[in-house]
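Please read the structure below before turning to the comments.
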Amino acid sequence: SNSGLLSKFRGCMIGSLIGDCLGEPFELRTRASKTVLRNYFSNLLSGGSTKMFPYTDDTSMTLSVARSLVENKKIDPKDLAKRFVDEYFREPNLSYGTHVVVVFYALKETNFEDVFLPGKMQFNGSGSYGNGAAMRIAPIALFDHNKTDESLKRDVEECSRITHNHPYGYNGAILQCLAIKAALKSDSSKEFDPVDFISQLEKKMETIETKDDSPYCESLKKIKEIYLQDHEDISAEEIAKCLGNDETAHESVPAAIYSFLRGMKPLSDFECSNPFVRTIYFAISIGGDTDTIAAMAGSIAGAYYGIDGIPTELQERCEFRDEVDNLTYKLYDVSQEDTS
Ligand code: F2R
Ligand code: MG
Ligand code: MG
């Protein structure tokens, strides 16, 4: 139903916000102990605290993508670049990636003449493979949910290559976008087959990656193996070693997708009956780039369970919750208008 789809849109965007806000305190720090994480979540869920959690670059850039789509009803790279830059200079202290800031300055200094050129020049011309393109991609998955994978891929690349011109960078954003789209299209009241979910993504990535350089297909294979070998209780530490947990796209997008799958089943070290919460918990327990892995996992899980699957106790702790939700209604409206 349409109300079901709207709920999934809202779940996706709020899921991303929650992952960013709740994952931020642990980003790039020593991995939090299970006791610390359990207390953190039970405190939040019991409403014992009224502390508000601020968002970071992940949300700021996601909002720019959503606003640009709402205003232009299509991907407009120049408008996107201007929004990224305006937001950065308006609020530069949101823990942006250390190198992406160079792109913002260059775009501004060249007056947005060629919006792809500064991104191409990053890292001596190889382009960035940071996860900054993947972390902001959720609005495109929603806007393009009825389009072909081919047009989704084109839109993701245009949005990504402004800052992330390395194939690992934009392909990670494509995989993350395809995972959200698949979650959006899945009925959460029906049985779910994780191996089938991963196999579908793998098939799509095989047409995108080259055979001899395919980090995403390799990680998807590893996730499939975890299920096929009944190794479903694998620890968060082992997942970090096996799939990665850092600021690069290829070492974080697979961990986010795995966190979504892992949240479907009870966890041995965290008793919680809500699968969305389990996803965020597991994503943070992987350590490393916790805000970004949890934001990406949260957007997939939110697209699957819908807004009603996300406890209000967690939503209410996030700065900008209402603004994100209001924007999502607008994004929903333009995505319904657009049938091209
Ligand atoms: N940056 C953070 N958190 C750390 C906060 C640091 C703080 N600002 C401080 O001053 O201490 N979080 C946010 O950054 C990640 C997204 O980053 P993005 O947008 O991809 O940026 P960037 O700089 O392009 O890439 C990130 C790092 O990836 C490595 N890398 C990328 N391409 C590379 C290449 N071709 N060769 C070698 N290394 C490459 C570099 O280490 C980049 O710095 C998110 O976590 C977001 O939350
Ligand atoms: Mg961040
Ligand atoms: Mg991060």
Side-chain angles (χ1 to χ4, degrees), residues 15-32 53-65 80-81 83-85 87-89 91-107 115-138 156-157 159-176 213 215-216 240 244-256 259 280 283-299 318-320 324:
S16 176
L17 176 71
I18 288 177
D20 181 17
C21 295
L22 300 188
E24 189 279 332
F26 306 97
E27 191 193 23
L28 306 175
R29 290 167 193 258
T30 314
R31 190 197 323 275
F53 289 81
Y55 64 81
T56 75
D57 60 328
D58 305 59
T59 299
S60 149
M61 297 197 87
T62 302
L63 289 174
S64 289
V65 176
L80 272 169
R83 286 174 193 273
F84 293 156
V85 169
E87 281 305 308
Y88 171 72
F89 285 101
E91 223 177 349
N93 296 321
L94 294 180
S95 292
Y96 280 86
T98 34
H99 291 75
V100 72
V101 170
V102 176
V103 175
F104 299 147
Y105 275 92
L107 284 168
V115 291
F116 295 110
L117 188 59
K120 284 181 191 159
M121 288 163 64
Q122 290 292 86
F123 296 94
N124 297 317
S126 64
S128 172
Y129 50 62
N131 55 20
M135 77 184 183
R136 66 178 184 239
I137 217 63
V156 173
E157 276 192 25
C159 179
S160 300
R161 287 180 42 241
I162 298 167
T163 49
H164 292 72
N165 200 51
H166 192 290
Y168 294 2
Y170 55 78
N171 285 344
I174 293 172
L175 174 57
Q176 168 64 12
D213 191 14
Y216 295 105
N245 69 350
D246 68 23
E247 283 182 284
T248 65
H250 50 297
E251 303 258 339
S252 59
V253 174
S259 300
I280 300 294
I284 295 176
S285 73
I286 296 173
D289 194 356
T290 48
D291 66 331
T292 305
I293 295 172
M296 295 191 294
S299 65
C318 298
E319 181 192 10
F320 237 56
V324 171

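First listed ligand is number 1; within each ligand, the first listed atom is number 1. When a residue number appears, it is its place in the shown sequence, counting from 1.
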*Can you count the protein N, O or S atoms that lie less than 2.8 Å from the Mg ion (ligand 2)?*
4

*Which of the atoms in ligand 1, numbered in the order shown and given with their element, are less than 4.0 Å from a heavy-atom of D289?*
44 (C), 45 (O)

*Any donor-acceptor pair under 3.5 Å linking the side chain of S299 with the backbone of S16?*
no

*For residues T62 and V324, determine if any side-chain heavy atom of one lies less than 4.5 Å from a side-chain heavy atom of the other.*
no

_G132 versus ligand 1: do any nitrogen or oxygen atoms come within less than 3.5 Å of each other?_
yes

*Which atoms of ligand 1 are found less than 4.0 Å from any heavy atom of D291?*
47 (O)

_Nearest 0.5 angstrom please: T163 OG1 to H99 NE2, how far?_
13.5 Å

_Would the distance check show the side chain of Q176 and the main-chain N or O of I137 forming a donor-acceptor pair, the cut-off being under 3.5 Å?_
no

*asked:* I need the nearest protein heavy-atom contact for atom 30 (N) of ligand 1: residue, atom name and distance, please.
replied: F123 CZ, 3.6 Å

*With atoms numbered from 1 as shown, which atoms in ligand 1 lie under 4.0 angstrom from a non-hydrogen atom of G97?*
1 (N), 13 (C), 14 (O), 17 (O), 21 (O), 23 (O)

_Whether Y168 and Y129 hold their rings parallel, tilted or perpendicular, with breakpoints at 30° and 60°_ = tilted

*Please report the shortest heavy-atom distance between A81 and V115, naming the atom on each side.*
CB-CG1, 3.7 Å

*Is it true that a side-chain atom of E319 and a backbone atom of Y55 form a donor plus acceptor pair closer than 3.5 Å?*
yes

_Per-residue contact class, T163 against ligand 1 - non-hydrogen pairs under 4.0 Å_ = neither

_Please classify the S128 to ligand 1 contact at 4.0 Å (heavy-atom distances, strictly less than): side chain, backbone, both or neither._
both

_Does any N or O of ligand 1 fall below 3.5 Å from an N or O anywhere on D58, backbone included?_
yes

*Tell me which protein heavy atom sits closest to atom 4 (C) of ligand 1, plus the residue, atom name and distance to 0.1 Å.*
L28 CD1, 3.5 Å

*Heavy-atom closest pair, residues G119 and N165*: O-CB, 3.7 Å

*What pair of heavy atoms forms the shortest contact from C159 to I162, and how long is it?*
O-CD1, 3.8 Å

*Return yes or no for this condition: an N or O of E247 is under 3.5 Å from an N or O of ligand 1.*
yes

*Are the side chain of N131 and the backbone N or O of S252 linked by a donor-acceptor pair below 3.5 Å?*
no

*If only atom types and distance count, is the side chain of R136 paired as donor or acceptor with the main-chain N or O of S64 below 3.5 Å?*
no

*asked:* Please tell me if atom 33 (C) of ligand 1 is touched by the protein, where touching means a protein heavy-atom distance below 4.0 Å.
replied: yes

*Quick check, are the ring centers of F320 and F53 under 6.0 angstrom apart?*
no

*Report yes or no: does D20 contribute a side-chain atom to a donor-acceptor pair with the main-chain N or O of T56 at less than 3.5 Å?*
yes

*Rounded to the nearest 0.5 Å, what separation is found between the OG atom of S128 and the CZ atom of F123?*
5.0 Å

*Got a donor-acceptor contact below 3.5 angstrom from the T292 side chain to the D289 backbone?*
no

*Side chains of R83 and M61: closer than 4.5 Å at any heavy-atom pair?*
no

_R161 CZ to L117 CG distance, which is reported to the nearest 0.5 Å_ = 11.0 Å

*Would you say atom 7 (C) of ligand 1 touches the protein, meaning some protein heavy atom is under 4.0 Å from it?*
no

*atom 42 (C) of ligand 1: which protein heavy atom is closest, and how many Å away?*
H99 ND1, 3.7 Å

*Is it the side chain, the backbone, both or neither of T98 that has a heavy atom closer than 4.0 Å to ligand 1?*
both

*Under-4.0 Å heavy-atom contact between protein and atom 25 (O) of ligand 1*: yes

*ligand 1-proximal atoms of V101, by part, heavy-atom distance under 4.0 Å*: neither

*Looking at G130, which atoms of ligand 1 are within less than 4.0 Å of one of its heavy atoms?*
20 (O), 25 (O), 26 (C), 28 (O), 31 (C), 32 (N)

*Measure from atom 15 (C) of ligand 1 to every heavy atom in N124, T248, T290, N131 and give the option owning the shortest one.*
N131

*Ligand-side contact atoms (ligand 1) for residue partner D57, heavy atom cut-off under 4.0 Å*: 13 (C), 14 (O), 46 (C), 47 (O)

*Run the side chain to side chain contact (heavy atoms under 4.5 Å, CB included) check on L28 and E247 step by step: do they pass?*
CA-CA 9 Å; L28 306 175; E247 283 182 284; 4.0 Å; yes

*asked:* For ligand 1, which is the ligand I care about here, please tell me if G127 has any N or O atom under 3.5 Å from one of the ligand's N or O atoms.
replied: yes

*Please verify whether a non-hydrogen atom of E24 lies at under 4.0 Å from ligand 1.*
no

*For ligand 1, which atoms have a heavy atom of S95 less than 4.0 angstrom away?*
1 (N), 2 (C), 3 (N), 5 (C), 8 (N), 12 (N), 13 (C)

*Of the side chain and backbone of V100, name the one, both, or neither that has a heavy atom under 4.0 Å from an atom of ligand 1.*
both

*asked:* Which of the numbered atoms in ligand 1 are under 4.0 angstrom from any heavy atom belonging to Y96?
replied: 1 (N), 8 (N)

*Aromatic ring pairing Y88/Y96, orientation class (parallel under 30°, perpendicular over 60°, tilted between)*: perpendicular

*Nearest 0.5 Å please: distance from the CG atom of L17 over to the CG atom of L22.*
8.5 Å

*What atoms of ligand 1 come closer than 4.0 angstrom to any heavy atom of S126?*
35 (N)

*Looking only at atom types and distance, does a side-chain atom of N245 sit under 3.5 Å from a main-chain N or O of I286, one as donor and one as acceptor?*
yes

_Heavy-atom distances under 4.0 Å decide this one: backbone, side chain, both or neither, for E27 against ligand 1?_
side chain

_As a test of the contact definition, would atom 10 (O) of ligand 1 count as having a protein heavy-atom neighbour under 4.0 Å?_
no

*Can you tell me which residue and heavy atom of the protein come closest to atom 18 (P) of ligand 1, and the distance to 0.1 Å?*
H164 NE2, 3.6 Å

*Is ligand 1 under 4.0 Å from a heavy atom in the side chain of Y129, in the backbone, in both, or in neither?*
both

_Exercise check, heavy-atom protein proximity under 4.0 Å to atom 47 (O) of ligand 1_ = yes

